[in-house]
Amino acid sequence: MVPLVLYVLLASAMFTIGLYGLLTQRNGIKLMMCVEILLNSANINLVAFSAYLPNANGQVFALFSIALAAAEAGVGFAILIVLYRLYGTIDLDNINALRW
Amino acid sequence: MIDNAISLMIAIPLIAAVVAFLNGKAAKYVALIGSLVPLAISLQMFQEFDKTSNAMQFVESYDWVPAIGVKYTVGVDGIGLPLILLSTIVSILVVVYSWGEEKRSNQFFALLLLNEVGVLGVFTALDFFLFYIFWEIVLIPMFFLIGIWGGPRKDYAAIKFFIYTHVASLIMLLSIFALYFSYRTPEGLRTFDMLTLLEATGDSAIFSPMLLNVIFIGLLFGFLVKMPAVPFHTWLPDAHVEAPTAGSVLLAALLLKMGGYGLFRIVMPMLPNVSTHYITLMAIIGVVSIVYGGFLALSQKDLKKMVAYSSVSHMGYVLLGAGALSVLSVQGAMFQQFSHGLITCVLFMSAGTIQHTAGTRIISELGGLADRMPKFAVLMMAGFMASLGLPGMCGFVAELSVLAGSYENLPIYVLITIFGGIAVTAGYHLWAMQKVMFGPILKKYLDLKDPHSYEILSMSILVLLIIYFGVQPATITDIMGVAAEPLVEPFIAVAATGVI
Amino acid sequence: MYQDYAYLIVGLPILAFVLTIFLGWHLPKGGGFITVLATFAGFILSFGIFKEIYPNDEIVHQSMHWFASFNAGILIDPLAIVMLLMVTFVCTMIHTYALGYMEGDPGMARYFAEAGLFTAAMLGLVFSDNLLQLFIFWELVGLCSYLLIGFWYRKPSAASAAKKAFLVTRVGDVMFLAGIILLYTNMVKLNLVLPEGAYLLQFQTIYDSLTLIPPDQLTWIAVLLFGGAVGKSGQFPLHVWLPDAMEGPTTVSAMIHAATMVTAGVYLVARMFPLFYAAPNGLMIVAYVGAFTALFAATMGLVMFDIKRVLAYSTVSQLGYMMAGLGVGAAMGAFSVGVSMFHLIGHSFFKALLFLCAGSVIHAVGTNDMREMGGVLKHMKWTGLTMLAGSLTLAGFPLTTGFFSKDEIIVTAYEHGAMGFGWLPYVFAIVAALLTAIYTFRLWFLTFDGEARSDYHKHESPWIMLGPLVILALFALFMGMPTQENFYHYVGNNFEHYGVDFDELAVIGGHHVEHAAHVHEPFIIKILPIIIGVGGIIIAALFYSRWKRFDPGMVTSEGDPLRKILLKRYYQNEIYTLWFAEKVVYGIALVSNMIDLKIIDGTVNKISAISVGFGGSLRKIQTGVIQNYLTAVVLGLAVLLILIQLASMGVAI
Amino acid sequence: MTLGFGDYLSLLGAEALLTGLALLMIMIGLFTKNKNLMGYLSLAGLVASLFLVMGADMTKGSIFYGTMEVDALSQFFKLVFVAVALIVVMAALSRYKDSPAQDEFYVLLLFATVGMMVVASSIDIVTLFIGFELASLSTYAMAAFDREKQNLEAAMKYFIFGSVSSAMMLFGFSLLYGLSGTTKLAEIAAASVESMGPATLVALLFVVAGFGFKMALVPFHMWAPDTYEGSPTIVTAFLAAGSKKMGFVAAFKVLFIALVALSFEWYMAFAILVAITMTLGNVVAIWQKSVKRMLAYSSVAYAGYIAIAFVVVGAANSGGLDLAVAQNGLASGLMLILGHAFMKTGAFIAAAVVGYMALSEGRKNPDDLEQYAGLGRRAPITAFCMLIFLFSLSGIPPTAGFIGKFMLWGSAIDSGLVWLAVLFALNSALSLYYYLRVIMYMYVREPAGAKIAEPKGYVLAMVAALVVVLWIGVFPQAFVDFAYSAAAVLLH
């Protein structure tokens, strides 16, 4: 059996990668992807823990979370599409009329 | 006496304020009635007041927010009653004086009434929660009076006034909380009841000296700002300069008195339990306010600003008298509150009338107005004389009581006051009087006439009251004397040992 | 029976005040006759009371509670009754005179209202039974003085003089008030058990407790009370307002600034004489200040050309005599009160007379400047002769009232010296007497004698003005001789009514004389005042009359520094007004204002500016770029993590 | 105890009703042209659910296998959510009148409300997360609803920030689950007491990040000003008043149930966060020319004020739990939440009226302070309501804002955090500056246009909020009692 710590390490690595991407990328789609990576790192955690624990709560949680992630992606893309229509770009660095 | 007299006295102006606000045309008549009724009630209360007792009278008490120990408790004793009378008298006279106000008159009169509500509430509330609510409510009408009807820098003045005094109120509130959370009733409940909490401050098992001193500082600060005492006075001249006449009158005659009232109602009962250094502190601040305020007034070019600083100077006597802790001085300090309330009305009304007739308040630009405004000149002169402490008027009685009563405990401070304050006070009053009223009339003022009869009327009534209380102070000082005794009692032994 | 209506002595003039101020505008002569009648009624009442109490040597005392530990009351004792008589009488004369003098002035009603108020206040001052009430009326007469000096308020100089008078006397009043407070506190400390109806500040109580109050406190109280008297009675150094006060109508000068109000200071010292007597050095200060003032003012009287100013300095000088007369009481005891009061009463008559005459002249001639007069006697016989009567008595011509009263003071001052209390008062007094005679007749000769030096109006005043002049002149000349001795004893024994033991007080005061034997004055001392008085008149005649032998230019010239300093009035204006008031006091005020704006309010504004400015830079964090926001979150999390980790390790944050 | 269907209906009737209504409205929306009906439908549904919430039995305990609970705390918040939604719907009646897509607005609003209500009831991290996400997703869409440029920018920032926070929170939850082996909050708490390690800390921090985002606590607040400013104003009202409060209820549940166990003085770290939050909110708000943005920063400051409740509980817990102090602190925080919900909604709706007015006159910068000049005469009802809301926000009696601040000051003093109380007071005074400035514009400046007809829906909404604000201010007893019992639930 693969030791739990490896799963957790994997999840942490994914989380870090996602976070790094969020801080460095400008493109809206890439940011969305990074968010998905973050969510999935949590899902890996949940599933892995659940496998080592005497209950299935984590797996259920992961299922819910996957569903929610999908919905979130739907909303997110909808926003980005309209954004693109209005601004002609999804480079988020340039969209900063609201500030200060 | 009708039941619930105090509640009625507070409620009627409130209702009248709403009516006046909604009914623009009749606003001033509503305001007149709405302030006449409280006046009648307060006079009736004065009649029926047991003048030999220092217990709370006409008390009403109802549960309000029992979950946090808040009650609606109001009552009157010798500390509050004179100020209630002052409030009702001044309020109606301000309505009369402002009879000609055309600009947004419905709002104007509604605010005057709302101010009366707040002030009466402060002087009667016996629950800290209620007290604080009224204390804050008073800010609102004054803010608008300055803000809407004020002078060129009204924004600055109104906001400064509001924030400065609000900060002080909040600090006071935090101190009140410290009292509140330190004490439980025998039933184990919290209470905001003012008298209970103040009495509890004497119990060193509940309040450690350290804690009590911190609480005391907070409360004192709150009241010093309101009074205002040097160095927390700078909001006052700005507010006065910009405020309309009615606002200035209410501000100086009633709002400042709230600070003094807090001093007698809340701070002084705590004094026996805190460090005696505070007494010295109060005396020092009082004297500095008197002398420094006087010099400040002397240096002013704007008549109204001068009057404003004279308020700072005069309110210093309240602190001095309170700090001296003899029956005569405390009674004098209370009477100073009352008398300054009347006198300052005349002064601010004078400044206001000059402003709207001559079009300026800069002293050097005025001259010879007595020539065209003889009646007004007489009234203004009477006000100025009263303010500089002329015997036969109430200001003298108050200042004499404070000084004579304070000398035993605070000789140096009294001497500084006498020599540093009184002559200067006379100086700026006379100087302003000479520049404004006397000398040859300036050409541009040849068309002036005596102001409207309602202005003359309200000022005349005030002058008559000033003279009446100057000649017959006992009418009201007897009550104050009775009220002063319990405040001073704990100190008679202390003073004898020369601690102060 | 009259004494039951004693309160009306004050009440009637107040009524007159109220009536004239509201109705005077509609009455002929501004309702002046109301004031005259009220004052005259006061005189009748006073006289009635005098007749009642004089034979049995009684006093009248009525009192009621006022507020706190103070009372209001009426006390008519010998000291008070003579003042009451004098004030009501002189005021009646002056008010009558004013009916003519003020004719045609648009403010006539106001004049008589204020004059009525003044009369009331002055009378109230006199018959007060306690020090506080005395102070109250003291201030009220000050107010009336202010109002009446500034009666012609359209004239800037009048307005300014009024203010000056009020302020300078206020300085004295402040000291007076301080004295009262000091006295009151000392009395409170005694924990006296007062009998029913007695109050702390009543004179009776004060006299009774003098022996109980610490002597050093007594001295302070005496000095402070005397400070009040100095202000009110124009003693050095607070005399500067009095000459300026001549800006008011001449009747005002006569009434307030010669006959009545300015004597209040003397009256105060007389009233509190036991206290001064008991206070170590108390009387000495009074004596020296008084005598110095007498001389100092007389020197300035010598060079003035304004007829009223000469009289004003003369008044200051004579008040100095009265003070000195009281001050030398260290030697004479309460007798000196009688002496001084006698001079006070006499002076009131003749100084009122002189002022009214001057007023009559000014009224006719239309100028104050004596250089533009000359030879007025030809046109104004009655005025000139009555003024001559006044001048004679002021100069101390033998057998006139002024002669007796001033002579007695000078002699008393001699005894003061002879008994070892200091010669200076005597020296000052005798020199001042010479100068008095000189400037008085300089004035008379310059005005009435010689040739007209300008083209002035020439007509005699109406009889309503001349009548009072004649009556006053008679009193000024002939009152002294018959009443002198009785007066001294009647007033001098005033304090026996209160059981004041002067011997005991003298011990406290440190001027107890073992053998209270009467010093015998040498003959030369006795006749010296006569010589000096007559000599002075002759000197004046030699310089200024039609028998002129010398020219003033022979004694002094334009460049003479002494003359300059006198004309400049010892540079008082420069010191008091230009330097002290405008530089020092106003300077402090300006500095205070600067402190207030820059430091105190500056701090408040600075605090708000800092918090607002803080926000101004902080808002730049909000760049509007989403990645930066996320960075902030990550950084924030990291910081929080560290903080909580530290906390969990027990590090106090 | 087993519960029947009827019990479920009585306990979760409001949620069920609103969910059903929302689904129904989607269907109706497909087939009807006159969509103005939708507003009234949702209005009716919300009123009904208000009564259902008030009528729910708070003694039945947990339902759905111990994942949800109906108690005083949940009902307290549900009342807030439903009432806020109700007020926003009233405003929307005017705002989206005759708009072709208005059905979607109401549906989203109802879903968001349901999501918040689920969060209020949940005692399990799974339900909590689901409710949280339901509310978030709906509001993301609402923020972009008008499809104008700034709406989209606002929605984009909101969405990215929100989804990152959700992800962090989920990551934190996953760690908590792994450490304790359970998803039930109570059991997580029990487990944390036994094994407290660095991993727990990290987990907690991630959770805090998630809630902090909704609460708009520094440094998780940065989306808030932009989103509040850019969103349609009535959506902003809903975000500030509803969504934000959801963050608080979630934080209350997780932080208290799971974290009361932490024995060390973690609250000091939180206290610093709170201090920074309120100070930053206030000092930056002073600089804002846009009233909406100003209110947004004020909302940040309020997050700081309310979060004092956490600090107070932490302080009360620092030396053995002092129940009275903790309960006091919590109840105070709840009272301020309650007050803030209504006054902020009201204030934003008033801002919406002004924006509407400015736009209809074709002005630029419809939210700018200049638009408020002379509002007292141009739109007297709006101005008066705004006046009261602003006074309430500044803590002037007798208003809901005052009661909340009053109690919170008290509890801060009570727990010995005098410095925090003083800072709170000074901040509150500072905030007066920008509130008063708006008032000055409304009542002092000369109006720049004629009097306008105020849209009825807005007026209804504002007056409703006004009544509640004053009611709480004058007769707080019932609310205070409710808050105390809600606080008691959290503290067992």
Side-chain angles (χ1 to χ4, degrees), chain A residues 4 7-8 11-12 14-15 18-19 22 28 31-32 34-50 52-55 57-58 60-65 67-69 71-87 90 92 95-100, chain D residues 124-127 129-130 132-134 136-141 143-144 147-160 162-184 199 202 206 223 225-230 284 287-290 293:
Chain A
L4 179 60
Y7 291 108
V8 179
S12 305
M14 281 175 69
F15 190 84
L19 216 50
L22 280 169
L31 288 183
M32 292 272 309
C34 294
V35 171
E36 291 302 314
I37 294 175
L38 285 185
L39 283 171
N40 281 327
S41 74
N43 287 340
I44 288 175
N45 259 351
L46 285 172
V47 175
F49 286 137
S50 179
Y52 281 81
L53 286 168
N55 61 43
N57 287 4
V60 175
F61 200 169
L63 284 175
F64 274 116
S65 124
L68 286 171
E72 195 167 277
V75 175
F77 280 118
I79 291 174
L80 283 178
I81 287 166
V82 185
L83 195 73
Y84 181 73
R85 266 191 219 143
L86 288 175
Y87 284 83
I90 46 171
L92 300 187
I95 304 175
N96 60 356
L98 300 169
R99 56 182 168 168
W100 296 339
Chain D
D124 183 296
I125 51 178
V126 181
T127 34
F129 186 71
I130 293 170
F132 207 89
E133 283 297 286
L134 178 56
S136 294
L137 291 176
S138 315
T139 47
Y140 295 152
R147 302 194 190 189
E148 281 164 21
K149 265 191 161 183
Q150 61 167 2
N151 293 159
L152 264 297
E153 182 177 347
M156 179 272 288
K157 287 177 179 169
Y158 183 31
F159 168 72
I160 291 183
S163 51
V164 170
S165 301
S166 296
M168 285 186 171
M169 184 170 73
L170 185 65
F171 194 75
F173 280 160
S174 74
L175 290 179
L176 280 181
Y177 169 68
L179 289 165
S180 61
T182 171
T183 54
K184 302 249 185 321
V202 174
F206 282 129
W223 61 279
D226 294 3
T227 303
Y228 283 14
E229 187 187 0
V284 180
W287 285 85
Q288 303 307 325
K289 283 291 282 173
S290 155
R293 197 169 174 85

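So that the names make sense, note that chain A is the first sequence line, chain B the second, and so on, each numbered from 1. Excluded from the calculations below are hydrogen atoms, water molecules and symmetry mates; all remaining heavy atoms, backbone and side chain alike, are included.
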Q) Checking Ala154(D) against chain A: side chain, backbone, both or neither under 4.5 Å from a heavy atom? A) both
Q: Could you check which of Ser163(D), Ala144(D), Ser136(D) has the highest count of heavy-atom pairs closer than 4.5 Å to chain A?
A: Ser163(D)
**Q.** Short side-chain to backbone donor-acceptor contact, Lys149(D) and Ala97(A), under 3.5 Å
**A.** no
Q) Under a 4.5 Å heavy-atom cutoff, which of Leu152(D), Asn151(D), Asp124(D) has the most pairs with chain A? A) Leu152(D)
Q. Is it the side chain or the backbone of Ile44(A) that comes within 4.5 Å of chain D heavy atoms, both, or neither?
A. neither
Q) When heavy-atom pairs shorter than 4.5 Å are enumerated against chain A, which of Phe206(D), Phe159(D), Phe129(D) gives the highest number? A) Phe159(D)
Q: Go through Ala11(A), Ala62(A), Ser50(A) and name the one with the most non-hydrogen pairs under 4.5 angstrom from chain D.
A: Ser50(A)
Q: Report the relative orientation of the aromatic rings in Tyr140(D) and Tyr158(D); use parallel for angles under 30°, tilted for 30 to 60°, perpendicular for over 60°.
A: perpendicular
Q.
Test your reading of the model: is there a side-chain donor-acceptor pair from Glu153(D) to the backbone of Gly230(D), 3.5 Å cut-off?
A. no
Q) Counting heavy-atom pairs under 4.5 Å to chain D, which of Leu31(A), Val35(A), Leu4(A), Val8(A) comes out on top? A) Val35(A)
(Q) Need one label for Leu39(A): side chain, backbone, both or neither, based on atoms under 4.5 Å from any heavy atom in chain D. (A) both
Q) So what's closer than 4.5 Å to chain D heavy atoms on Leu98(A): side chain, backbone, both or neither? A) both
Q | Side-chain donor or acceptor of Ser138(D) paired with backbone N/O of Leu134(D) under 3.5 Å | A | yes
Q. Tyr177(D) side chain to Gly58(A) main-chain N or O, any donor-acceptor pair under 3.5 Å?
A. yes
(Q) Please classify the contact between Ala78(A) and chain D as side chain, backbone, both or neither, with a heavy-atom cut-off of under 4.5 Å. (A) neither
Q: Taking all heavy atoms of Arg99(A) and all of Arg293(D), pick out the closest pair and write down the distance.
A: C-NH2, 2.9 Å
(Q) Please identify, among Trp287(D), Phe171(D), Phe173(D), the residue contributing the most non-hydrogen atom pairs under 4.5 Å to chain A. (A) Phe171(D)
Q: Start with the C-alpha distance between Met168(D) and Leu19(A), add both sets of side-chain angles, then the distance that settles side-chain contact (heavy atoms from CB on, under 4.5 Å), and finish with yes or no.
A: CA-CA 10 Å; Met168(D) 285 186 171; Leu19(A) 216 50; 3.7 Å; yes
Q.
Under 4.5 Å from any heavy atom of chain D, what part of Leu83(A) do you find: side chain, backbone, both or neither?
A. both
Q) With side chains defined as the heavy atoms from C-beta onward, is the minimum distance between Phe61(A) and Leu170(D) less than 4.5 Å? A) yes
Q) Is a side-chain donor or acceptor of Asn55(A) paired with a backbone partner of Thr182(D) at a separation under 3.5 angstrom? A) no
Q: Specify which of Leu53(A), Val60(A), Leu22(A) makes the most heavy-atom pairs with chain D at under 4.5 Å.
A: Leu53(A)
Q) Measuring heavy-atom distances to chain A, does Glu148(D) have an atom under 4.5 Å in its side chain, in its backbone, in both, or in neither? A) backbone
